[in-house]
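Take a look at the structure set out below.
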Amino acid sequence: MRQSRLFSKTLREAPNGADCKGYEYLLRAGYIDQLAAGIFSLLPLGFRSIQKISAIVREEMNALGAQEILMPVVNPGDLWKETGRFYSIDREMSRFKDRNDRDMVLAMTHEECCTDLGRNVIDSYKRLPLLVYQLQTKWRDDPRPRAGLIRVREFTMKDSYSFDKDQEGLEKVYKAHYDAYFRIYKRCGLPVIAVGSDSGMMGGKVAHEYMYLSPIGEDTIIHCPSCGYTANRQVARFQKDYYPEAPKAKELVETPDAKTIEDLCKCLNIPATKTAKALFMVGTFINDQNGEEEDKLVVGIVRGDMDIEENKLQNAAKANSLRPAHEEEILAANMVPGFGSPIGCKKGTVVIVDDSVAKSNNLVAGANKAGYHYLNTNFGTDYDGIVADIASAADGYRCPTCGKALSASKGVEVGNIFQLGTRYSEAMNCYYQDENGQRKPVIMGSYGIGIGRLLACLCEEYNDESGLKLPIAVAPYQVHFISLIKDTEVSDKIYDELEKAGIEVLYDDRKESAGVKFADADLIGIPIRITLGNRSFNEGKCEVKVRGSQEEAMSFDLDNLAQEIKTLIAKLEQRV
RNA sequence: CGGGUAGUAGCGCAGGGGCUAGCGCACUUGGUUCGGGACCAAGGGGUCGGUGGUUCAAAUCCACUCUGCCCGACCA
């Protein structure tokens, strides 16, 4: 490609709002262009990288025996009503009516559509297992897009869907994805870890997320350096210390202005482990059958030395969503913020008690009376509720498997795999007949990779102060050929030779100064740079440099250039 | 959806009731330069986000609104 014809231009300054390096360079190097919040065009450079990533993904999916399909972005709302997600998903899913006033949705994932395909095709166990995938546009109306391609509203996702007759089959294809994903990220050059995760709106039991560890990430990953236990904080477990004692009778005590655990501990001169703290949320509970919503107050109780993980609380409460409760809502349930506890709360309040509280005795808890707490409250005698693990794991807490200290880090989710089980097949009547003529729900799994997000993470991982330096597997071109000589016939000829040899080359044929060409080349970050200038051209040579390497430029003979470059490409490809 | 912040040339910004709205980069033309973002000269490009108001006069003041970005809520 002649750079003089390339549909993009480089920017000297970072556009306002480019908050992380990778995003800044994607914009400045002319890979992408923003159209609206969370909506981007891919320019030729960006699109070429995306196609490279896509090709790697396709190869690895095909190697699993997956068959590529393409499902529609627009789905009938009725399909989503079958699984209840038409109702349970909030405004993140965009809806509209067609001309005949039918509900339509923009698919934000394709479980419904794919299950529909499954039920049309699968009749017998003889057809199973089946595995399909697609690379398709998703629209999710995220309330807050940010960080360039990291968190967008419109994006391309590789999503695959497995159909099996039994759990064993599901686990096999799940494991196959688990391994294939590592191969995909490795081939792209992105370091990731797999972590146990929450299945969120997808339903199902077992799920993993692939995380690129980076400070720009929005997820928190809890990791044990000793035994390797790793999980998203949303579900991460840890070992808790319990302090059981002989239960005593509760006792009202005056605690003026002690609204926080810290105040309370000072006021009564006790450790935080002797207190119980309450978090008040309002949960939306949705009836999947008729879609009717009902709000209930949810109270989470955790021991004062820990924090509540809202995601765990939501799961334990089986709520569709949670939001912080307003003061009036808390008061209406006979509880007092700052001095609150489930003791004497209104009937219908959902009380979730962390096991740290359930297994401790004689904790100080709010008396639901401003300025007062109770000493010696005990779960089971003073109040009731559902016991669950709702505490948030944190840096330094003890690993659930080996007991050593856990560490917390930030990460970006670049892929996930879910064992869906029969959540969709049962809801949508996707059944097969087994060997005995029995009708059984197909067991499903779904597996996603955000393609654009993957590119964004790669740009975050591979850059320096002058620009991008993507690995050759995903760079838009293999070679950047920079001509500094006047004689365009000579450089045109070299360009043709490189192209003929099957090398992907971006040819800087522009009438620009050397400095501009070098700066742009650094910014775009193509792995191999060939410089043809008077310095070496007179000796029948050119200079070759690998982007980002500290080594001196190599000198290659022009006579055998294509061949030598091919060797160099092969060398770089092997690095991975 | 709450809090903050900004919208003036393609990009980055200045101007904050009064003459023809500026600067740097980018762009065009001519010339000089020619291996790390060159120089000289001459140019082109703007409904100052939108609507309504105040005023003799609005980019500038007021109201509403749209959009971007940041923090939070949210998020497979």
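In the text below, chain A, chain B and the rest are named by the order of the sequence lines, each starting its count at 1.
Between Arg183(A) and Asp179(A), no side-chain nitrogen of the basic residue sits less than 4.0 Å from a carboxylate oxygen of the acidic one, so the salt-bridge criterion is not met. Between Arg151(A) and Asp142(A) there is a salt bridge, since at least one side-chain N of the basic residue sits less than 4.0 Å from a carboxylate O of the acidic one. For the pair Lys158(A) and Glu60(A), the salt-bridge criterion is not met [side-chain N within less than 4.0 Å of a carboxylate O]. Here Arg91(A) does not pair with Asp141(A) in a salt bridge; the nearest charged N to carboxylate O distance is not below 4.0 Å. A salt bridge is absent between Asp520(A) and Lys517(A); no separation between the charged side-chain nitrogens and carboxylate oxygens falls under 4.0 Å. Classification of Lys277(A) and Asp307(A) as a salt-bridged pair holds, one side-chain N sitting under 4.0 Å from a carboxylate O.
Of all nucleotides present, none satisfies the Watson-Crick or G-U wobble test against rG46(B) with each distance under 3.5 Å. Nucleotide rU33(B): unpaired (no Watson-Crick or G-U wobble partner with both distances less than 3.5 Å). The nucleotide rC23(B) finds its pairing partner in rG12(B), both defining distances of the Watson-Crick or G-U wobble pair being shorter than 3.5 Å. Across all strands shown, rG72(B) is found opposite rC1(B) as a Watson-Crick or G-U wobble partner, with both distances under 3.5 Å. In this structure rC61(B) sits in a base pair with rG53(B), meeting the Watson-Crick or G-U test at under 3.5 Å.
Of the residues listed (His177(A), His208(A), His110(A)), the one engaging Tyr447(A) in a ring-ring contact (aromatic ring centres under 6.0 Å, His included) is His177(A), and it is the only one. Just one residue in the list Glu111(A), Glu426(A), Glu112(A) forms a side chain to side chain donor-acceptor pair (under 3.5 Å) with Thr83(A), and that residue is Glu112(A).
Rounded to whole angstrom, the span from the NE2 atom of His480(A) across to the P atom of rG36(B) amounts to 17 Å. Nucleotide rC69(B) holds its C1' atom 16 Å from the CD1 atom of Ile150(A), rounded to whole Å. Leu523(A) has its CG atom 18 Å from the P atom of rG36(B), to the nearest Å. For Asp142(A) and rC74(B), the CG to C1' distance is 7 Å, given to the nearest whole Å. Distance, Lys511(A) NZ to rA26(B) P: 18 Å, rounded to whole Å. Here the P atom of nucleotide rC11(B) and the OH atom of Tyr23(A) are 13 Å apart, to the nearest Å. Between Glu92(A) atom CD and rC75(B) atom P the separation is 8 Å, expressed in whole Å. Summarising the geometry, the separation between NZ on Lys541(A) and C1' on rG35(B) is reported as 18 Å, rounded to the nearest angstrom.
A side-chain N or O of Tyr507(A) and one of Ser491(A) form a donor-acceptor pair less than 3.5 Å apart.
Nucleotides rC61(B) and rG16(B) are separated by 10 Å at their P atoms, to the nearest Å. A gap of 15 Å separates the P atoms of rU33(B) and rC39(B), to the nearest Å. Taking atom C1' on both nucleotides, rU32(B) is separated from rC69(B) by 44 Å, rounded to a whole Å. Separating the P atom of rA9(B) from that of rA21(B) is a span of 14 Å, rounded to the nearest Å. Going from the C1' atom of rG36(B) to that of rA73(B) covers 48 Å, rounded to whole Å. rC71(B) and rU65(B) have their P atoms separated by 25 Å, given to the nearest Å. Taking the C1' atom of each, rG35(B) and rU20(B) are spaced 45 Å apart, rounded to whole Å. Between the C1' atoms of rA59(B) and rU8(B), the separation comes to 7 Å (whole Å).
Among the atoms of the strands shown, base atoms are found under 4.0 Å from some heavy atom of Arg28(A). The residue Gly533(A) sits close to a base: some heavy atom pair falls under 4.0 Å. Residue contacts shown for Arg510(A) are absent, as no nucleic acid heavy atom lies under 4.0 Å away. Nucleic acid contact class of Glu218(A) (heavy atoms, under 4.0 Å, all strands): none. Contact annotation for Lys486(A): base contact, defined as any heavy-atom pair under 4.0 Å involving a base atom. No contact: Asp159(A) has no heavy atom under 4.0 Å from any strand. At a threshold of 4.0 angstrom between heavy atoms, the contacts of Pro15(A) are confined to the sugar-phosphate backbone, with no base atom among them. Across all strands, Asp520(A) comes closer than 4.0 Å to base atoms (heavy-atom distances). Residue contacts shown for Glu310(A) are limited to sugar-phosphate atoms, with no base heavy atom under 4.0 Å away. Phe155(A) comes within contact range of at least one nucleobase, with a heavy-atom separation under 4.0 Å.
For rG68(B), the base has no donor-acceptor partner in the side chain of Gln34(A) [N/O atoms by modelled type, under 3.5 angstrom]. One N or O donor and one acceptor, one from the side chain of Glu13(A) and one from the base of rG24(B), sit under 3.5 Å apart. Residue side chain Asp522(A) reaches the base of rG36(B) through a donor-acceptor N/O pair under 3.5 Å, judged by distance alone.
Put simply, Arg12(A) has no side-chain N or O that comes within less than 4.0 Å of OP1 or OP2 on rC11(B). Contact annotation: Ser513(A) does not reach the phosphate of rC34(B) (side-chain N/O to OP1 or OP2, under 4.0 Å).
You'll find that the side chain of Arg146(A) is closest to rG72(B), out of rG35(B), rA26(B), rG72(B). Distance from the side chain of Val516(A) is smallest for rG37(B) among the nucleotides rC74(B), rG35(B), rG37(B). In this structure, the nucleotide among rG68(B), rC71(B), rG35(B) sitting nearest to the side chain of Ala36(A) is rG68(B). The listed nucleotides are rG36(B), rC71(B), rC69(B); the one nearest the side chain of Ala37(A) is rC69(B). Nearest to the side-chain atoms of Ala514(A) among the listed nucleotides rG37(B), rG36(B), rA73(B) stands rG36(B). Residue Leu11(A) has its side chain nearest to rC11(B) when only rC75(B), rC11(B), rG68(B) are considered. Which of rC69(B), rC1(B), rG37(B) sits closest to the side chain of Arg91(A) comes down to rC1(B). Candidate nucleotides rC74(B), rG35(B), rC75(B) were compared by shortest atom distance to the side chain of Ser536(A), and rG35(B) ranks first. Across rG37(B), rG35(B), rC27(B), the shortest atom-to-atom separation from the side chain of Glu512(A) is found for rC27(B).
In this structure the side chain of Asp464(A) reaches within 4.5 angstrom of the side chain of Arg547(A), judged on heavy atoms.
Heavy-atom nearest nucleotides on RNA chain B were determined for Phe537(A) and for Ile449(A), and the one closer to the 5' end corresponds to Phe537(A). Annotation: of the two residues near RNA chain B, Lys9(A) and Phe518(A), the 5′-most nearest-nucleotide partner is Lys9(A).
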